[in-house]
Amino acid sequence: MWDGGDAYERYVGRWSRPVAREFLRWLDVPPGRRWLDVGCGTGALTETVLAHAEPASVVGVDPSAAFLDLARQRVPGATFEVGTAIDLGDRTADVVVSGLVLTFVPDVARAVAEFAQVAPYVASYLWDYTSGMQMMRLFWDAAKDVDPAAASQDEGLRFGDVSDPGPLRTFWTGAGLRDVEVTGIVVPTVFRDFADFWEPFEGGTGAAPAYAATLPAEQLAAIRDLLRSRLPQDGPIELTARAWAVRGAR
């Protein structure tokens, strides 16, 4: 489900950028540092580091060759390499960051420990899948009303033990990091109309679109129609997205 870079951009990549800006403002890292962006995807956070953090260098690492190809096209000035969060090899940096990644890592504790080995300053952010990422919450609530089996795929239920403030703090302190802080970042997500809201869910890239791709056409249409009835009928759809951010130093 991570092979479509353009589809991911339309789905949540576009909303990651404003979160990334607020995330970097909160980190307030001095200029001239070497950054490593783990799980860089299509380069939203990497691009924001280049634009706003005055880095000495930025390396983005991701297991998806398709995402890296798109990142290289969109983000000149950074280096992009294939790699995973749980095995960063002999890389070193001053700052390790990851955006919207850890919920998809099979061993989060190991990944954060790996981050702490690579750099003295470690930070991340994840969507609040439980209640704060409204576009996803609306989708899963409608999906479960149409297909009760969707509960097993609901990111709020699957990822709450990673993406909520308490678990995030525990992962950071468990890796031996000190001065650990967690904060919420809320950004607007404004859709031009219902098509702008709905069509990314048909793109196949991401947890909700991947689930949608498995449904019979009539069931997917029922979810779409239910969502349409629950959202404004005319004009833009104004929602918000919350991410939980965490930072710490070794």
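Position 1 is the first residue of the sequence, and the numbers go up from there.
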**Request:** For A44, check side-chain contact (heavy atoms from CB on, under 4.5 Å) against everything at least two apart and list the hits.
**Result:** S16, R17
Evaluate the side-chain proximity of [Y] to [X]: yes if any heavy-atom separation is below 4.5 Å, no if none is.
| X | Y | result |
| --- | --- | --- |
| E155 | T103 | no |
| E81 | V59 | yes |
| H52 | R21 | yes |
| Y125 | V246 | no |
| L168 | L126 | yes |
| W127 | M136 | yes |
| V112 | L102 | yes |
| V97 | V38 | no |

Show the atom names and distances, to 0.1 Å, of all donor-acceptor pairs under 3.5 Å that link a side chain in residues 23-31 to residues at least two apart or in another chain.
unit_1: R25; atom_1: NH1; unit_2: E22; atom_2: OE1; d: 2.9
unit_1: R25; atom_1: NH1; unit_2: E22; atom_2: OE2; d: 2.5

Search all heavy atoms of [X] against all heavy atoms of [Y] and return the closest pair with its distance.
| X | Y | value |
| --- | --- | --- |
| M133 | V12 | CE-CG1, 4.1 Å |
| W35 | A53 | CZ2-CB, 3.7 Å |
| G160 | T130 | CA-OG1, 4.3 Å |
| C40 | G60 | SG-C, 3.6 Å |
| L45 | A20 | CD1-CB, 3.8 Å |
| R158 | S152 | CD-O, 3.4 Å |

Reported [atom1]-to-[atom2] distance for the pair [X] and [Y], which is rounded to 0.5 angstrom:
| X | Y | atom1 | atom2 | value |
| --- | --- | --- | --- | --- |
| D69 | D62 | CG | CG | 11.0 Å |
| F80 | Q73 | CZ | CD | 11.0 Å |
| I237 | L231 | CD1 | CG | 4.5 Å |
| I86 | D107 | CD1 | CG | 6.5 Å |
| D154 | F139 | CG | CZ | 10.0 Å |
| L177 | R250 | CG | CZ | 8.5 Å |

Identify whether [X] and [Y] are in the same connected component of the hydrophobic contact network (ILVMFWY, side-chain heavy atoms under 4.5 Å).
| X | Y | value |
| --- | --- | --- |
| W198 | W140 | yes |
| Y11 | F194 | yes |
| V105 | L68 | no |
| V82 | V75 | yes |
| L227 | W15 | yes |

Would you be so kind as to tabulate the donor-acceptor pairs closer than 3.5 Å made by side chains of residues 206-226, with sequence neighbours excluded?
unit_1: Y211; atom_1: OH; unit_2: D147; atom_2: OD2; d: 2.8
unit_1: T214; atom_1: OG1; unit_2: Y211; atom_2: O; d: 2.6

**Asked** Which pairs with one or both residues in residues 169-181 pass side-chain hydrogen bond (donor to acceptor under 3.5 Å, both in side chains), sequence neighbours excluded?
**Response** E181-R247
**Message:** Below 30° counts as parallel, above 60° as perpendicular, anything between as tilted: where do the rings of F201 and F197 land?
**Reply:** tilted
Under 3.5 Å: donor-acceptor pair, side chain of [X], backbone of [Y]:
| X | Y | result |
| --- | --- | --- |
| E114 | A85 | no |
| Q134 | T240 | yes |
| S64 | F67 | yes |
| D164 | P167 | no |

**Message:** Looking only at the side chains, is there a donor atom on one of S57 and R33 sitting less than 3.5 Å from an acceptor on the other?
**Reply:** no
**Message:** Using side chain to side chain contact (heavy atoms under 4.5 Å, CB included), reason through R34 and T92 one step at a time and then give a plain yes or no.
**Reply:** CA-CA 8 Å; R34 298 169 301 140; T92 61; 3.3 Å; yes
**Prompt:** Are more than 12 heavy atoms from other residues, nucleotides or ligands located less than 6.0 Å from atom CD of Q153?
**Reply:** yes
**Complete:** Sequence neighbours excluded, the answer for side chain to side chain donor-acceptor pair (under 3.5 Å) partners of D196 is R14
**Prompt:** Does the side chain to side chain contact (heavy atoms under 4.5 Å, CB included) test come out yes or no for V58 and T79, once each step is laid out?
**Reply:** CA-CA 6 Å; V58 190; T79 300; over 6 Å; no
**Asked** Charged N to carboxylate O below 4.0 Å: is that the case for R137 and D141?
**Response** yes
**Message:** Here's a test for you: under side chain to side chain contact (heavy atoms under 4.5 Å, CB included), which of L50, V95, D94 qualifies with P55?
**Reply:** L50
Listing, residues 182-190 side-chain donor-acceptor contacts under 3.5 Å, not counting sequence neighbours, or none:
unit_1: T189; atom_1: OG1; unit_2: L239; atom_2: O; d: 3.4

**Asked** Quick one: are the ring centres of Y129 and W244 less than 6.0 Å apart?
**Response** no
